[in-house]
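Each chain gets a letter, A, B and so on, in the order its sequence line appears, and its residues count up from 1. Keep in mind that this is a model prediction, so the values were computed, not measured.
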Amino acid sequence: MATVAEILQGRLQDALRASDLASDEPLQTAPTADPRHGDYQTNAAMVLGKKLKQNPRTLAGLILAHLSMSDIGAAEVAGPGFINFRLSPDFISRRLNQLALDERIGVERTDKPRTVVIDFSSPNIAKPMHVGHIRSTVLGDALANITRFLGHNVITDNHIGDWGTQFGKVIYGWKHFLRSENLNSDPVTELVRIYREADAAAQKDFGILEGCRQELVKLQQGEKENRRIWQQCVDLSTEEFAKIYDLLGIRFDYQLGESFYNPELPRVVQELLERGLAEVSDGAVVVWDRALSEDPFIIRKSDGGYGYATTDTATIEYRVKHWGAEAIWYVVGAPQHLHFQQLFSLGHRLGYEVDLQHIAFGSILGEDRRLMRTRSGDSVPLRALLEEAVQRATAIVAEKNPDLSEQERLSVSRMVGIGAVKYSELSQHRMTDYIFSWEKMLSLHGNTAPYLQNAYVRCRSIFRKLPAPVSATTSMTLREEAELDLAKKILQFPEVLPAVLDGFKPNILASYLYDLSAQFHGFYESCPVLSAATEVRETRLMLCDIFSRLLRTGLNLLGIELPEKM
RNA sequence: GCGUCCGUAGCUCAAUUGGAUAGAGCGUCGGCCUCCGGAGCCGAAGGUUGUGGGUUCGAGCCCCGCCGGACGCACCA
């Protein structure tokens, strides 16, 4: 099903051919910012005018003379050479009827499906997940949902940090400081505690530092005891992560940690050396890309160990060879920009024909505009934060709707609390650092999850008051201004959704859903549904039905659930 | 020093990738409940888009120079 913009582009192409102006240039056709300029506009005449060195208004007039619009609406030349389109109520009604019958609300599956691996969340073993992980996790999940919905083959992979030098201290701590009773109640906190104790001890005593190093070497050599301790750390941490993902309602297709690639690393380095891509420098094996930076990409440390540059390279190879990845998207914070530039450069020089993207994002700040920390200066544990979100939502829901059953309140609070946290991330441009505020994200006013959820709930409650179910076969005839405004907004969904992937910006979808809901409230104020005459009522009911389906679809794509009551 | 990202209303943020008179929310001021959930709607005030140039029909967006901030720059991930 073509979008409105595509239909208009088609008519424009016809008109251009008819007036001998056909061109390969893509025709930009978009909704207008100001309703006084109609519903859609194109700058085709101005683009053409520049190319042909002709007056754009004259060209626009010529195009207009050949433009067939009678079944769509009207068109006119305006300003410096815009062509403005106004959609007729009849056309809008017909389009909306089509969308009403379509489960996907008019969104086409791409005709060029790609296999896209999305790498996000990536917490570290033996460390708690903290606020720093929330953006990656929520952004990655939303992008995965949207990309999948658009018809691509998406593989999500949680690239867990389960290998690294910190395990020397963790294992040393395990052997000397572990209190196994703590391991049962709160394992990750205990792992952090023994790490810190070992770290503190190592700073005071060189012998202990050496002991930690020895433990690391033994682990790397595959010594049984250390391997067993490491595996236990991985298991305990993974269980803890699972609880958080469960609360967030997020799943991964794979969770292949860094250690998964260990067996490949020596071969990868060997190949790089043989192909002349890497060289030895100060005892380390490095790859240079002077165009990017004077700093090398370190493939093997001078002590023979491997860093994440190497595992990441091996990971690209694996994803391309085993999964047929055509694109790999890394949802990782902006500070790692250079690392990914170097990684991508190497990946391409290795000959992998894969579209590599670093989807960077800014930091979360506290009210003091500094990196968000707890009072003691640590990063804020994610689980506590999410639980607080649900708790705060519970208080609000209990106050606003005391009639809900205990069970309903539990489930609604989770949707509202978690939804609020997710939406506050996703409604913001991913690159801007943002200030974390409970009051703002849980506010019932403005661009927040609770506001959108409430718009949905209000709409759904109309259906509960209906004396008898209404057949969905009725065709709609829109008349009122508010009906048409809402309908036009709904018709834009198939145009908006693909745009999210242009710059990997879910905030485009969030912003659309907010506008849509505001438009719905306008309709809701001025167009009574239940009390309207039968024919009008059926039209409005169908409008409500499409709106609520669309809002649910859109928010679900962002990873946000909707209650029927709240 | 080099590199990356950023600077928009009092505050928090948008702006369909170069389109017309830069939009929301919060806060401020003023209206709207015999009406489907007022958790709402309508209106007003609030801006030299950090700054100076350039490119063109047209710039918050592209190019160059300053000012201010965040982050990254050899064996941690």
> B:G19, B:U16, B:G37: which one has an atom nearest the side-chain heavy atoms of A:R464?
Replying inline: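 So the side chain of A:R464 is nearest to B:G37.
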> Considering only side-chain heavy atoms of A:S461, which listed nucleotide, B:C26, B:C57, B:G37, is closest?
Replying inline: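 Closest of the options to the side chain of A:S461: B:G37.
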Can a side chain N or O of [X] be found less than 4.0 Å away from OP1 or OP2 on [N]?
{"X": "A:Y195", "N": "B:C76", "result": "no"}
{"X": "A:K505", "N": "B:A14", "result": "no"}
{"X": "A:N507", "N": "B:A15", "result": "yes"}

Counting the atoms with a prime plus P, OP1 and OP2 as sugar-phosphate, which does [X] contact under 4.0 Å by heavy atoms, base, sugar-phosphate, or nothing?
{"X": "A:Q41", "result": "base"}
{"X": "A:D282", "result": "base"}
{"X": "A:F167", "result": "nothing"}
{"X": "A:S302", "result": "base"}
{"X": "A:S281", "result": "base"}
{"X": "A:A309", "result": "nothing"}
{"X": "A:L530", "result": "base"}

>> For a 4.5 angstrom cut-off between non-hydrogen side-chain atoms, does A:D282 reach A:S302?
In response: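 A:D282 does not reach A:S302 side chain to side chain.
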> Can you tell me how far P in B:U49 sits from the matching atom in B:C61, rounded to whole Å?
Replying inline: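 Rounded to whole Å, the distance is 10 Å.
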> Pick the nucleotide of RNA chain B nearest each of A:Y434 and A:K50; which residue has the one closer to the 5' end?
Replying inline: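 Comparing both residues, the 5'-ward one is A:Y434.
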>> If only side-chain N and O atoms count, and only distance matters, is there a donor-acceptor pair under 3.5 Å linking A:Y40 with A:E495?
In response: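 The criterion, which ignores hydrogens and geometry beyond distance, is satisfied for A:Y40 and A:E495.
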